[in-house]
J.: 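First the structure, which I've put down as C-alpha cells, then a few questions once you've had a look.
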Amino acid sequence: MTTAREIMTGGAQCVGAHETALAAARKLKDLQVGALPICGDDNRLIGVVTDRDIVVKVLGAGLDPGEVETGTLAQGEAVTIGADDDTDEIFATMTRHKVRRLPVIDGNALVGMVALADTARALKDPEAGRLIEALSTD
C-alpha cells in the first residue's frame with residue numbers, strides 16, 4: 001500500500017503561532033503553497049492556516065493582518081496523518097474532517113504535508129472521485 005510518506009511533500013515549514021497573518025501570507029507566497037502548519041512555542045503542531053483563512057477571517061473581517069497572530073486562526077485540535085498511514089487512512093481522515101490538506105507527522109515531528117491532489121493521484125480513479133465528491137459536499 002502507498003503511505004503518506006510516499007506521496008507527501010516533504011520539508012513542510014511551520015509558521016509560528018505568534019507570527020502575524022501578514023508573515024504567514026508572505027511565507028505562503030514565497031513557498032508557493034496554500035497552507036502552512038502552525039507551530040507553538042514548543043515547536044509542536046497546533047493547527048494549519050490556509051490562504052483562505054487569511055482572506056476570510058482576517059481581511060474579510062476588516063482586521064489588520066500585521067496585528068492578527070496566526071495561532072488565533074487555528075481551529076480546535078490539529079488534524080494530522082501518520083507518515084506510515086496508507087491512502088485508505090488518508091482518504092478516511094480527509095473525508096471525516098472535510099479537509100484538503102493534512103500535516104504528516106512521524107512521532108511528534110512534522111515531516112511534510114499531504115494534499116487532496118497527492119491523494120487523488122495515488123488512488124484508483126473511482127476512489128479519487130469519491131474523495132473529491134465527499135470533500136465538496138456540505
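Bear in mind that the values here come from a model prediction, so they are computed numbers and not experimental data. One is the number of the first residue; the rest follow in order along the sequence.
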J.: Go through Leu73 and Val48 one step at a time and tell me if the side-chain contact (heavy atoms from CB on, under 4.5 Å) criterion holds.
T.: CA-CA 8 Å; Leu73 302 175; Val48 173; over 6 Å; no
J.: Among Val111, Ile38, Leu110, which one satisfies side-chain contact (heavy atoms from CB on, under 4.5 Å) with Pro103?
T.: Leu110
J.: For Lys57 and Ala61, work out which heavy atoms get closest and say how close.
T.: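 Scanning both residues, the minimum pair turns out to be O-CB, 3.4 Å.
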J.: Go through the steps to decide whether Ile90 and Thr2 satisfy the test side-chain contact (heavy atoms from CB on, under 4.5 Å), and finish with yes or no.
T.: CA-CA 10 Å; Ile90 297 167; Thr2 305; over 6 Å; no
J.: Closest heavy-atom contact between Met113 and Asp118?
T.: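 In terms of heavy atoms, the two residues are closest at O-OD2, 4.1 Å.
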J.: Which heavy atom of Gly40 sits nearest a heavy atom of Ile46, and at what distance?
T.: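 Nearest pair, atom of Gly40 first, then Ile46: N-CG2, 4.1 Å.
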J.: Carefully, step by step, assess Val114 and Ile81 under the rule side-chain contact (heavy atoms from CB on, under 4.5 Å).
T.: CA-CA 9 Å; Val114 66; Ile81 195 77; 4.0 Å; yes
J.: Looking only at atom types and distance, does a side-chain atom of Lys27 sit under 3.5 Å from a main-chain N or O of Leu22, one as donor and one as acceptor?
T.: no
J.: What are the two closest heavy atoms between Gly112 and Met8, and how far apart are they?
T.: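 Taking Gly112 first and Met8 second, the nearest heavy atoms are CA-SD, 3.9 Å.
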J.: Could you go step by step and tell me if Val104 and Thr80 meet the side-chain contact (heavy atoms from CB on, under 4.5 Å) rule?
T.: CA-CA 6 Å; Val104 180; Thr80 63; over 6 Å; no
J.: Do the side chain of Thr95 and the main chain of Ala92 share a donor and acceptor less than 3.5 angstrom apart?
T.: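 A pair under 3.5 Å: no.
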J.: Taking the side chain from Asp106 and the backbone from Ala109, do they hold a donor-acceptor pair closer than 3.5 Å?
T.: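 Checking the backbone N and O of Ala109 against the side chain of Asp106, no donor-acceptor pair under 3.5 Å is found.
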J.: Might you point out which heavy atoms bring Gly47 and Ala74 nearest each other, and give the distance in Å?
T.: CA-CB, 4.1 Å
J.: Under a 4.0 Å threshold between the charged nitrogen and the carboxylate oxygen, would Asp85 count as salt-bridged to Arg5?
T.: no
J.: Any donor and acceptor pair, going by atom type alone, linking the side chain of Thr20 with main-chain N or O of Thr70 inside 3.5 Å?
T.: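 No, because the side chain of Thr20 does not come within donor-acceptor range (under 3.5 Å) of the backbone of Thr70.
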J.: Checking side-chain contact (heavy atoms from CB on, under 4.5 Å) against Ile54, which of Leu63, Val49, Val68 comes through?
T.: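 Between Ile54 and the candidates, side-chain contact (heavy atoms from CB on, under 4.5 Å) is satisfied uniquely by Val49.
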J.: I'd like to know if the side chain of Thr3 pairs up with that of Glu6 as donor and acceptor (distance under 3.5 Å, no hydrogens or angles considered).
T.: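 Present: a donor and an acceptor within the cut-off.
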